[in-house]
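Right, one structure below, let's go through it.
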Amino acid sequence: MVQSFHIQWHITDICNCRCQHCYQDSFSPASQLSFSALVKIFENIKDFLQRKKVKLTVNLTGGEPLLHPDWKRLLEFLSAQPVVHQLGLITNGHFLDSQNCHFLSRFPGCKLKISAEAAEEKSYEFFRGPGRWEKFLQGIEQARKTGLEMTLMFTLLEINADRLEEVIQFAWEQKFHNVIIERFIPWGKGQLLKKSVISKQKWKQTGKFLLKVCGMEEDLSLLTPYRAFMLVKKKNTINLLGASCVLGKDGLALMPDGTVYPCRRFPLTIGNLRQQSLSEIWENSPILKMLRTRIFLKGKCQSCQVKNCPGCRAFAYALEGDFLEEDKLCFLGD
């Protein structure tokens, strides 16, 4: 099995949407780098990967990544790198026209992830803005016609949690191969929706629903170590996969100007790849060192017996102002 290091690479802040739940509060091109600068950052990453003897799993995103003038050059460049194990593109789907889809079809290993928070026009446009639903439908239709493998990314809030079942049904009808379910964490523009963070009650209901959909026993302890979930449909079978937290272990988020965060939902700067080596950041960051040791955690998270589960540090940071606080949405307990 290939050992991977995971990077979510935000190559631009530019976006055609101003989504209600967006982690950004700036949509300026000011921090956007040229292709040559992006290549230099990758060389920094490659040096780290070779030292660690691991491969790279990288998802290009934004903002809207297809609005970066060099997104195609970067995709071609990364796909040709032996150290890159898996390549993905996270997009709102609005620019998946015939030309872009046929370009993407040249990279059959590239994972196309399209985000949506609802399965019908009114609710979708509540989050994404007027006139966006039709663009979304056109984009996924073109991707489907081109034969691209699509994953639907669903951000879960209190106000759309009850629509999860219809979103999943919509995804299967539209020939998506997978559905990713992630919790909303209020940063950037999304802070205006802070009261819409999913409640513990609905989060537990969601967990039970996912277990039921996949024919698994109703035991939430099975889901406790995971921060997000993916439904994978193969013929008439739906399997449930959990995403473990990468904080301080095998992943990070990279912003358009080279700034490094522990993850995108945890916007605490730990370095910048234009001034520092990734090896230096990874080995010396006091934030990452704390995240790697359970003893620094507070409340129930410090004494939790679940292996490899630090709770959601991003959630604690956003809601409590302290990333070491206990995760109050843990599936365990009342």
Side-chain angles (χ1 to χ4, degrees), residues 1-15 23-24 26 28-91 100 103-104 106-113 245-289 291-292:
M1 185 175 179
V2 176
Q3 268 195 298
S4 277
F5 190 83
H6 303 260
I7 294 181
Q8 190 177 90
W9 194 347
H10 296 256
I11 59 175
T12 184
D13 284 331
I14 299 173
C15 190
Y23 301 124
Q24 295 177 207
S26 171
S28 164
S31 61
Q32 187 171 281
L33 300 179
S34 65
F35 176 69
S36 61
L38 293 173
V39 170
K40 284 183 181 178
I41 283 179
F42 177 77
E43 293 301 320
N44 187 339
I45 296 168
K46 185 169 76 170
D47 179 69
F48 168 80
L49 297 168
Q50 290 173 338
R51 288 168 182 263
K52 297 279 286 183
K53 297 181 180 178
V54 295
K55 299 285 188 177
L56 178 65
T57 294
V58 57
N59 283 295
L60 300 181
T61 185
E64 171 49 51
L66 274 64
L67 290 178
H68 191 293
D70 294 312
W71 75 270
K72 289 182 179 179
R73 289 181 72 191
L74 183 60
L75 196 66
E76 284 180 317
F77 172 78
L78 291 174
S79 69
Q81 302 303 311
V83 76
V84 175
H85 170 60
Q86 194 171 99
L87 184 58
L89 189 69
I90 303 174
T91 172
N100 286 338
F103 174 81
L104 288 168
R106 292 166 45 191
F107 310 95
C110 182
K111 307 294 183 183
L112 183 60
K113 300 173 182 177
C245 181
V246 302
L247 290 185
K249 296 189 299 183
D250 56 8
L252 51 80
L254 180 57
M255 303 310 291
D257 64 351
T259 295
V260 180
Y261 292 157
C263 88
R264 181 60 187 95
R265 293 166 179 78
F266 192 163
L268 191 61
T269 300
I270 58 173
N272 188 294
L273 295 191
R274 298 181 75 193
Q275 287 92 42
Q276 300 162 272
S277 73
L278 179 52
S279 295
E280 176 192 347
I281 294 169
W282 191 252
E283 291 164 12
N284 299 326
S285 166
I287 303 299
L288 294 183
K289 286 180 180 179
L291 292 170
R292 292 175 183 136

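All residue numbers in this chain count up from 1 along the given sequence. Excluded from the calculations below are hydrogen atoms, water molecules and symmetry mates; all remaining heavy atoms, backbone and side chain alike, are included.
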Would [X] and [Y] count as having a side-chain donor-acceptor pair, cut-off 3.5 Å?
| X | Y | value |
| --- | --- | --- |
| Glu64 | Thr91 | yes |
| Thr259 | Asp257 | yes |
| Gln8 | His6 | no |
| Asp13 | Ser31 | yes |

- prompt: Passes side chain to side chain contact (heavy atoms under 4.5 Å, CB included), Lys55 versus Gln86? Steps please.
  reply: CA-CA 8 Å; Lys55 299 285 188 177; Gln86 194 171 99; over 6 Å; no

message: Pair Tyr23, Arg265 - check side-chain hydrogen bond (donor to acceptor under 3.5 Å, both in side chains), show working.
response: CA-CA 7 Å; Tyr23 301 124; Arg265 293 166 179 78; 2.8 Å; yes

Using every non-hydrogen atom in the two residues, find where [X] and [Y] come nearest and quote the distance to one decimal.
| X | Y | value |
| --- | --- | --- |
| Ala253 | Cys263 | CB-C, 3.6 Å |
| Ser277 | Asn44 | CA-OD1, 3.4 Å |
| Gln32 | Pro69 | NE2-CD, 3.3 Å |
| Gln24 | Thr12 | OE1-O, 4.4 Å |
| Ile14 | Pro29 | CD1-CB, 3.4 Å |

Arg292 charged N/C atom sitting above Trp282 aromatic ring, 6.0 Å / 45°: yes

message: Can you confirm if the NZ or CZ of Lys52 lies within 45° of the ring axis of Phe5 and under 6.0 Å from the centre of its six-membered ring?
response: no

If you measure from [atom1] on [X] to [atom2] on [Y], what distance do you get to the nearest 0.5 Å?
| X | Y | atom1 | atom2 | result |
| --- | --- | --- | --- | --- |
| Leu291 | Ser285 | CG | OG | 7.5 Å |
| Lys289 | Ile270 | NZ | CD1 | 12.5 Å |
| Leu252 | Ile281 | CG | CD1 | 8.0 Å |

task: Kindly indicate whether the side chain of Ile11, heavy atoms from C-beta on, has any atom under 4.5 Å from the side chain of Thr61.
output: no

- prompt: So do Ile41 and Leu33 actually touch side chain to side chain, heavy atoms under 4.5 Å?
  reply: yes

- request: Answer yes or no: does atom CD of Gln3 have more than 12 heavy-atom neighbours from other residues, nucleotides or ligands under 6.0 Å?
  value: no

query: Considering residues, nucleotides and ligands other than Arg51, do more than 12 of their heavy atoms fall under 6.0 Å from its CZ?
result: no

query: Going by an N to O cut-off under 4.0 Å, is there a salt bridge joining Lys46 and Glu43?
result: yes

task: Check the pair Phe77, Val39 against side chain to side chain contact (heavy atoms under 4.5 Å, CB included), reporting the backbone distance first and the verdict last.
output: CA-CA 8 Å; Phe77 172 78; Val39 170; 3.9 Å; yes

- prompt: Does Lys249 use its side chain to pair, donor to acceptor, with the backbone of Cys245 at less than 3.5 Å?
  reply: yes

query: Please walk me through it: do Phe42 and Leu254 pass side chain to side chain contact (heavy atoms under 4.5 Å, CB included)?
result: CA-CA 11 Å; Phe42 177 77; Leu254 180 57; over 6 Å; no

- prompt: For the residue pair Trp71 and Phe103, is the inter-centroid distance of their aromatic rings smaller than 6.0 Å?
  reply: yes

Check against side chain to side chain contact (heavy atoms under 4.5 Å, CB included), Leu273 and Val260: CA-CA 7 Å; Leu273 295 191; Val260 180; 3.7 Å; yes

